[in-house]
Q: 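Just dropping this structure here.
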Amino acid sequence: MVVKETLRLHPGGPFITRESNRDRKIDGSDIYPETKVLINAWAIGRNPKYWKNPLEFSPERFKDSSIDFVGTQNFDYLPFRGGRRVCPAINMGIVLTELILANVLYTFDWGLPKGSKLADLNMKESPGSKYPLQLQPIKHIYG
């Protein structure tokens, strides 16, 4: 659920390009053959038409959802593109992401750097590193 929600908010490729193969009309605009069309997957993942509280990080939204990484017929979730041109490495990408995340969480405990307080932690999301999340990995000792 966490991986799906992260990819909803931050798709690997925020834009998808396609080429029209025939005359089409989209929202009143004429699209001619061989026209390059740019699809904004980043905006689709934040569209309130498809998502309740779209800017909120809420992995629970996928708990009882049938939405999968490949997306739906409505194309409302496109972290790995969609349709006939879905990413060919989707299965490897999902498995590796889950494996790496599981190993990092299993191997380390996480704490704040010395001198930091929990109250000082800023969890606001912003582009770039305006509010960098700094955690100290602590090797977990089993036994």
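One is the number of the first residue; the rest follow in order along the sequence.
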Q: Is any side-chain heavy atom of Tyr77 less than 4.5 Å from a side-chain heavy atom of Trp51?
A: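 SC-SC contact between Tyr77 and Trp51 confirmed.
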
Q: I need the minimum non-hydrogen distance between Ala41 and Gly13, along with the two atoms involved.
A: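 That closest heavy-atom pairing would be CB-O, 4.2 Å.
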
Q: Taking side chain to side chain donor-acceptor pair (under 3.5 Å) as the test, write out the residues that go with Asp109, two or more places apart.
A: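 Only His140 meet the side chain to side chain donor-acceptor pair (under 3.5 Å) criterion with Asp109.
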
Q: How is the hydrophobic cluster of Val2 composed, in terms of its other members, when Ile, Leu, Val, Met, Phe, Trp and Tyr link through side-chain heavy atoms under 4.5 Å apart, directly or indirectly?
A: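 Members besides Val2, by chain and number: Leu9, Phe57.
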
Q: Apply the hydrophobic cluster definition, ILVMFWY joined by side-chain contacts under 4.5 Å directly or through others, and give me every member besides Ile138.
A: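 Besides Ile138, the hydrophobic cluster comprises nothing; the residue is isolated.
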
Q: Among all residues two or more places apart in sequence or in another chain, which pass the side-chain contact (heavy atoms from CB on, under 4.5 Å) test with Pro113?
A: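 Residues passing side-chain contact (heavy atoms from CB on, under 4.5 Å) with Pro113: Ser116, Gln134.
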
Q: Does one hydrophobic cluster hold both Phe62 and Leu7, with members joined at side-chain heavy-atom distances below 4.5 Å?
A: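 Shared cluster, yes.
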
Q: When the side chains of residues 15-23 are checked against the rest of the protein, which donor-acceptor pairs come out under 3.5 Å, sequence neighbours left out?
A:
from  : atom 1 : to    : atom 2 : distance (Å)
Glu19 : OE1    : Lys36 : NZ     : 2.8
Ser20 : OG     : Arg22 : O      : 2.7
Asn21 : OD1    : Arg24 : NH2    : 3.3

Q: Show every salt bridge (Lys or Arg N to Asp or Glu O under 4.0 Å) that has at least one partner inside residues 40-62, sequence neighbours left out.
A: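 Qualifying pairs, neighbours excluded: Glu5-Arg61.
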
Q: The criterion is side-chain contact (heavy atoms from CB on, under 4.5 Å); which residues satisfy it with Leu118, sequence neighbours excluded?
A: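 side-chain contact (heavy atoms from CB on, under 4.5 Å) list for Leu118, sorted by chain: Leu112, Leu121.
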
Q: Going by salt bridge (charged side-chain N to carboxylate O under 4.0 Å, His left out), name the residues that satisfy it together with Asp30, two or more places apart in sequence or in a different chain.
A: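 Lys25.
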
Q: Show which side-chain atoms of residues 90-98 pair as donor or acceptor with protein atoms under 3.5 Å away, not counting sequence neighbours.
A:
from  : atom 1 : to    : atom 2 : distance (Å)
Thr97 : OG1    : Gly93 : O      : 2.7

Q: How many angstroms lie between CZ in Arg8 and CD1 in Ile44, if you round to the nearest 0.5 Å?
A: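 Result: 12.5 Å between the selected atoms.
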
Q: Sequence neighbours left out, cut at 3.5 Å: what donor-acceptor pairs do the side chains of residues 101-108 make with other protein atoms?
A:
from   : atom 1 : to     : atom 2 : distance (Å)
Asn103 : ND2    : Leu99  : O      : 3.1
Thr107 : OG1    : Asn103 : O      : 2.6

Q: Can Phe80 be reached from Ile67 by stepping across I, L, V, M, F, W or Y side chains whose heavy atoms are under 4.5 Å apart?
A: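 Same hydrophobic cluster.
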
Q: For the residue pair Pro11 and Pro79, what are the closest heavy atoms and their distance?
A: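 Looking at all heavy atoms of both residues, the shortest contact is CB-CA, 4.2 Å.
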
